[in-house]
K.L.:
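One structure follows; several queries about it will come next.
What you see is a predicted model; the values in this text were computed from it and never measured. Along the sequence shown, the residues carry numbers beginning at 1. Just so you know, ligand 1 is whichever comes first in the structure, and atom 1 is the first atom listed for that ligand.
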Amino acid sequence: MNKLYGLLGHPVGHSMSPLMHNDAFKQLGINGYYHAFDVPEDKLKEAVDALRLFNISGLNVTIPHKVTIMEFLDEIDEEALMIGAVNTVVNIEGRLIGYNTDGRGYLTSLLTKLNKPLKDSNVLVIGAGGAARGIVTALANDGVALLTIANRTIEKADEIKNHYLKYREANINVLPLKKAQLNLARYDIVINTTSIGMSPRVDEVPISIDHIKQTAVLSDLIYNPIETKLLQLGNKKGIITHNGVGMFVEQGALAFLKWTGKQPDTEKMTKIVMQQLGGSTC
Ligand code: ATR
């Protein structure tokens, strides 16, 4: 019998996860089927109860359920607790365990672009929303030389810093966006976690990169468009850029590994995602 997997989100119509995971099941000869479940915000508990009844094997969780789902699970892994959100659920003998593969997935992808060790890097994270939490937690857990969070609303950056420090010591700085922009030459890695530049507002940038250093890596979590205005400007300067496709693929691949114990082919996954996004991997 096919094992059932799925995505809980709202809306889920444009999700690339079903194609990506169903292809990986086929490639690896696993009898699995992945379905995108469109679950309105106030129906999450009913959805989780129903999926338990149907013995769901694993789930991805996306907006708007990443925080609320935590109430309905039996156990939550330490890094997901630190992030304060769950994007992956594994059914282990009837117990639903929550994980968060966003930050780790992001790091796996970022590491392929780095020209010096992460632990020696001075990192700037732009934004202090849900996406920033995952990235900050993964970076701080792995260890960087200095981690700075810059946000328009400084209190939200402080919140992330203080939340993280409840769990572990870390060297985390907080700055207003304008100050970070002026200090940009200090950073080895600059990461945009905000939605600024996402379709349809493709002409916007979260920060001016006039002062970025030539050896910096400029990263944007956005994958729609594949190359944001921010990354276009970085490419024009000739610096290394990194888009959000890798994070999407790697967070999915890590979830797949947790569900099945098998490593999917991330190159094939990337091809599928790029085709969906209208880009090319060639
Ligand atoms: P997500 O969960 O995807 O991270 P979010 O929680 O809504 O989304 O967070 C959005 C982030 O983008 C926030 O850091 C937000 O800044 P504020 O905390 O000041 O709201 C940032 N952001 C969104 N639009 C922005 C804009 N026009 N200028 C500056 N920052 C913006």
K.L.:
Can a salt bridge be assigned to the pair Asp188 and Lys213 using a cut-off of 4.0 Å between side-chain N and carboxylate O?
P.N.:
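Looking at Lys213 together with Asp188, the answer is yes, because their closest N to O distance falls below 4.0 Å.
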K.L.:
Show which atoms of ligand 1 fall inside a sub-4.0 Å distance from at least one heavy-atom site of Gly127.
P.N.:
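Taking each heavy atom of Gly127 in turn, ligand 1 has 14 (O) under 4.0 Å.
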K.L.:
Which residue holds the protein heavy atom closest to atom 1 (P) of ligand 1, what is that atom called, and what is the gap in Å?
P.N.:
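The closest heavy atom on the protein side is Gly130 N, 3.6 Å.
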K.L.:
Write out the residue and atom name of the closest protein heavy atom to atom 10 (C) of ligand 1, then the distance separating them to 0.1 Å.
P.N.:
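Checking every protein heavy atom, the shortest distance to atom 10 (C) of ligand 1 gives Gly129 CA, 4.5 Å.
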K.L.:
State plainly whether the residues Lys229 and Asp220 are in salt-bridge range, i.e. N to O under 4.0 Å.
P.N.:
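Judged by the 4.0 Å cut-off on N to carboxylate O distance, Lys229 and Asp220 do not form a salt bridge.
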K.L.:
Identify the heavy atoms of Asn100 and Ala85 that sit nearest to each other, and give their distance.
P.N.:
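Closest approach of Asn100 to Ala85, heavy atoms only: ND2-O, 2.9 Å.
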K.L.:
Out of Pro64, Ala132, Ala131, whose heavy atom is nearest to atom 3 (O) of ligand 1?
P.N.:
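Closest candidate by heavy-atom distance is Ala131.
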K.L.:
Heavy-atom distance to atom 21 (C) of ligand 1: which of Asn192, Thr194, Val125 wins?
P.N.:
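Going through Asn192, Thr194, Val125 one by one, Thr194 has the nearest heavy atom to atom 21 (C) of ligand 1.
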K.L.:
Please report which non-hydrogen protein atom sits nearest to atom 19 (O) of ligand 1, along with the residue it belongs to and the distance in Å to one decimal place.
P.N.:
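Ranked first by proximity to atom 19 (O) of ligand 1 is Thr153 OG1, 2.4 Å.
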K.L.:
Regarding ligand 1, does Asn151 bring an N or O atom to under 3.5 Å of one of the ligand's N or O atoms?
P.N.:
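Indeed, backbone or side chain, Asn151 has an N or O that close.
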K.L.:
Assess whether atom CD of Gln214 is packed by more than 12 heavy atoms of other residues, nucleotides or ligands within 6.0 Å.
P.N.:
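Correct, the count exceeds 12.
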K.L.:
Are any of the N/O atoms in Ile196 less than 3.5 Å from those in ligand 1?
P.N.:
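No: no nitrogen or oxygen of Ile196 is under 3.5 Å from one in ligand 1.
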K.L.:
Is the ring centre of His242 less than 6.0 Å from the ring centre of Tyr106?
P.N.:
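Ring centres of Tyr106 and His242 closer than 6.0 Å.
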K.L.:
Have a look at Lys156, Met198, Arg152 and point out the one with the heavy atom closest to atom 27 (N) of ligand 1.
P.N.:
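When every heavy atom of Lys156, Met198, Arg152 is considered, Arg152 comes closest to atom 27 (N) of ligand 1.
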K.L.:
What I want to find out is whether Asp74 reaches Arg52 closely enough, with some N-O distance under 4.0 Å, to be called a salt bridge.
P.N.:
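Here Asp74 pairs with Arg52 in a salt bridge, since their nearest N and O are under 4.0 Å apart.
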K.L.:
Looking at atom 7 (O) of ligand 1, is any protein heavy atom nearer than 4.0 Å to it?
P.N.:
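No, no protein heavy atom sits under 4.0 Å from atom 7 (O) of ligand 1.
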K.L.:
Would a single hydrophobic cluster contain both Met16 and Ile63, if residues Ile, Leu, Val, Met, Phe, Trp and Tyr are joined by side-chain heavy-atom contacts under 4.5 Å?
P.N.:
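The answer is no; the residues belong to distinct hydrophobic clusters.
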